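In what follows, a single structure is set out as structure tokens and then discussed.
Values in this document were obtained by computation on a predicted structure and should not be read as measured data. Heavy atoms only: backbone and side chains are in, while hydrogens, waters and symmetry mates are out. We're numbering straight along the sequence, starting at 1.
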Amino acid sequence: MTKDILISRRGVIASGIALGLSTLAPIARAAAPLKVAGIHASPVENAWNSCLHAALQAAAKQGVIEYVFSEGVSGTDYPRAMREYAEQGNKLIIGESYAVEKEARQVAADYPDTAFVLGSSGNEEGSNFGVFGTWNHDGAYLAGMLAGKMTKSNVIGSVGAIPIPEVNMLINAFAEGVKAVNPNAKHLVSFIGTFFDPPKAREAGLAQIDAGADILFGERIGTADAAKERGIKAVGSLIDYTPRYPDTVFANALWGFRPILDAAIADVQAGKPVGKNYTAFGLMKEGGSDIVYVKGVAPADAEVAMEKVRADIKSGAFEVPRNMEEPK
């Protein structure tokens with residue numbers, strides 16, 4: 001079967017990275033590369049962290065930034081890592097504050113000349129603490145539309161990390177996509193209690209399959225392993241899992257960090273405050289996220305209906321519901 005990669009008109013999406021290369025020109029002309037540090041709570045092989053890491057690596061390769069990073073940083077060590085990178089003269093620190101919101105904001109307040117732009121469930125704070133959310137819910141909704149027409153058991157499962165707003169919104173969007181085309185489908189949800197534990201995600205997926213699910217949405221790495229093991233289909237999130245699971249993962253809700261990174265870099269280089277919410281740069285209508293799927297797996301009419309909604313999302317005619325309540 002031929003894989004049809006769908007490409008956003010404003011950027012190239014490959015392996016979960018939305019690049020929007022035309023936006024790099026003003027940044028690339030900076031006098032010297034910006035010193036940027038990445039702090040990753042999980043290993044950089046984790047899907048979410050890999051999106052950040054790949055975007056940062058690409059910017060470094062292009063000479064836009066100098067990039068140093070730490071991975072697998074525990075919550076207790078995270079504030080210390082932030083302070084150390086600030087002390088080392090890094091002008092922009094990229095990372096996540098989901099488990100250390102209060103501590104991360106205190107560090108930012110202690111280093112007003114350093115810009116911090118972190119994944120967060122909260123709001124921006126001051127002039128130097130910016131935030132971004134992982135809003136690939138548009139692609140998740142579209143994948144749900146396909147899944148809702150494919151299920152034979154009328155049971156679909158989702159395996160997530162922790163019920164924080166961004167994860168909840170993603171899973172809820174997938175469920176809404178299913179419901180839009182198949183209101184009778186049942187949706188199972190499991191949270192594994194951590195951001196990176198592939199074996200645990202696999203076990204959660206197997207339990208859902210045992211409960212009747214014949215399609216799984218893998219918000220976490222490891223879910224597709226359960227689907228592959230039992231011979232059912234799965235949907236990936238953040239990056240393109242289809243090359244890794246060619247007969248299992250038929251669709252992916254992609255998200256790219258590069259547009260967010262470019263916006264933050266431009267603000268720092270221009271001397272502008274980064275105390276803002278950068279989430280919008282990652283939306284589908286901005287070219288920061290999309291869906292990629294294998295054509296011909298879902299019914300033809302399901303693909304046509306999904307593509308119409310996809311076009312409406314891009315034009316602004318349709319907005320996917322943003323429900324951040326914990327899915328039940």
Side-chain angles (χ1 to χ4, degrees), residues 8 10-41 44 48-71 81-97 104-105 107-108 111-120 123-136 238 254-289:
S8 167
R10 292 185 53 184
V12 178
I13 297 183
S15 299
I17 309 163
L19 295 176
L21 296 175
S22 63
T23 65
L24 298 180
I27 298 173
R29 288 195 293 268
L34 187 72
K35 293 187 67 175
V36 179
I39 309 176
H40 304 279
V44 293
W48 188 87
N49 299 91
S50 75
C51 291
L52 273 62
H53 187 56
L56 287 157
Q57 284 184 312
K61 186 175 181 179
Q62 293 163 351
V64 177
I65 64 173
E66 291 181 9
Y67 174 48
V68 294
F69 72 96
S70 298
E71 61 180 320
M82 292 174 66
R83 291 182 184 279
E84 288 182 355
Y85 279 130
E87 293 284 354
Q88 291 168 13
N90 291 283
K91 297 301 182 183
L92 173 62
I93 294 175
I94 299 290
E96 58 208 277
S97 60
R105 293 164 191 272
V107 173
Y111 293 89
D113 295 328
T114 303
F116 297 84
V117 176
L118 307 181
S120 172
N123 296 321
E124 65 273 18
E125 188 168 334
S127 62
N128 72 324
F129 189 90
V131 298
F132 64 89
T134 313
W135 284 18
N136 59 325
L238 297 176
L254 303 182
W255 177 75
F257 183 64
R258 189 60 188 270
I260 293 172
L261 176 62
D262 287 347
I265 290 172
D267 283 342
V268 174
Q269 290 180 332
K272 296 179 180 179
V274 299
K276 62 180 70 172
N277 191 324
Y278 290 89
T279 300
F281 290 96
L283 293 174
M284 182 179 288
K285 65 181 180 180
E286 298 298 331
S289 61

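- In this structure, Thr279 contributes its side chain and Gly133 its backbone to a donor-acceptor pair below 3.5 Å.
- With rounding to the nearest 0.5 Å, the separation of CD in Gln269 from CG in Leu92 is 9.5 Å.
- Trp48 and Thr134 share a side-chain donor-acceptor pair at under 3.5 Å.
- Considering every non-hydrogen atom in both Leu118 and Met82, the closest pair reads CD1-CE, 4.1 Å.
- For Tyr67 and His53, the ring centers sit closer than 6.0 Å to each other.
- Here Tyr111 and Phe116 keep their ring centres 6.0 angstrom or further from each other.
- Between the side chain of Ser97 and the main chain of Gly119, a donor-acceptor pair closer than 3.5 Å is present.
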Walk me through it: do His40 and Ser50 pass the test side-chain contact (heavy atoms from CB on, under 4.5 Å)? CA-CA 9 Å; His40 304 279; Ser50 75; over 6 Å; no

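- In this structure, Val36 and Ile65 approach most closely via the heavy-atom pair CG2-CG2, 3.7 Å.
- Distance alone, capped at 3.5 Å, is enough to place a donor-acceptor pair between the Asn128 side chain and the Ala108 backbone.
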Are Asp113 and Lys91 close enough, and set up right, to give a salt bridge (charged side-chain N to carboxylate O under 4.0 Å, His left out), and what steps lead you there? CA-CA 8 Å; Asp113 295 328; Lys91 297 301 182 183; over 6 Å; no

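- A salt bridge is absent between Lys276 and Glu124: the closest approach of a Lys/Arg side-chain nitrogen to an acidic carboxylate oxygen does not fall below 4.0 angstrom.
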Using side-chain contact (heavy atoms from CB on, under 4.5 Å), reason through Cys51 and Trp255 one step at a time and then give a plain yes or no. CA-CA 8 Å; Cys51 291; Trp255 177 75; 3.8 Å; yes

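- Put simply, the side chain of Ser70 never gets that close to the backbone of Ile39: no donor and acceptor are under 3.5 Å apart.
- Between Trp135 and Ser289, the closest heavy-atom pair is O-OG, 4.0 Å.
- Taking every heavy atom of both residues into account, Thr114 and Ala86 meet most closely at OG1-CB, 3.9 Å.
- For Gln88, the side-chain contact (heavy atoms from CB on, under 4.5 Å) test picks out Glu84, Tyr85, Asn90, with sequence neighbours left out.
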Just do the side-chain contact (heavy atoms from CB on, under 4.5 Å) check on Lys35 and Val68 with the steps written out, would you? CA-CA 8 Å; Lys35 293 187 67 175; Val68 294; over 6 Å; no

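- Side-chain contact check for Ile94 versus Leu52: some heavy-atom pair is nearer than 4.5 Å.
- Minimum interatomic distance between Ser120 and Val131 (heavy atoms only, all atoms of both residues): CB-CG1, 3.6 Å.
- Nearest heavy atom pair, residue Ala41 against residue Asn49, reads N-ND2, 4.0 Å.
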Stepwise side-chain contact (heavy atoms from CB on, under 4.5 Å) test for Leu238 and Asn136: CA-CA 7 Å; Leu238 297 176; Asn136 59 325; 3.8 Å; yes

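- Of the inter-residue distances, the one linking Phe281 atom CZ with Asp262 atom CG reads 9.5 Å to the nearest 0.5 angstrom.
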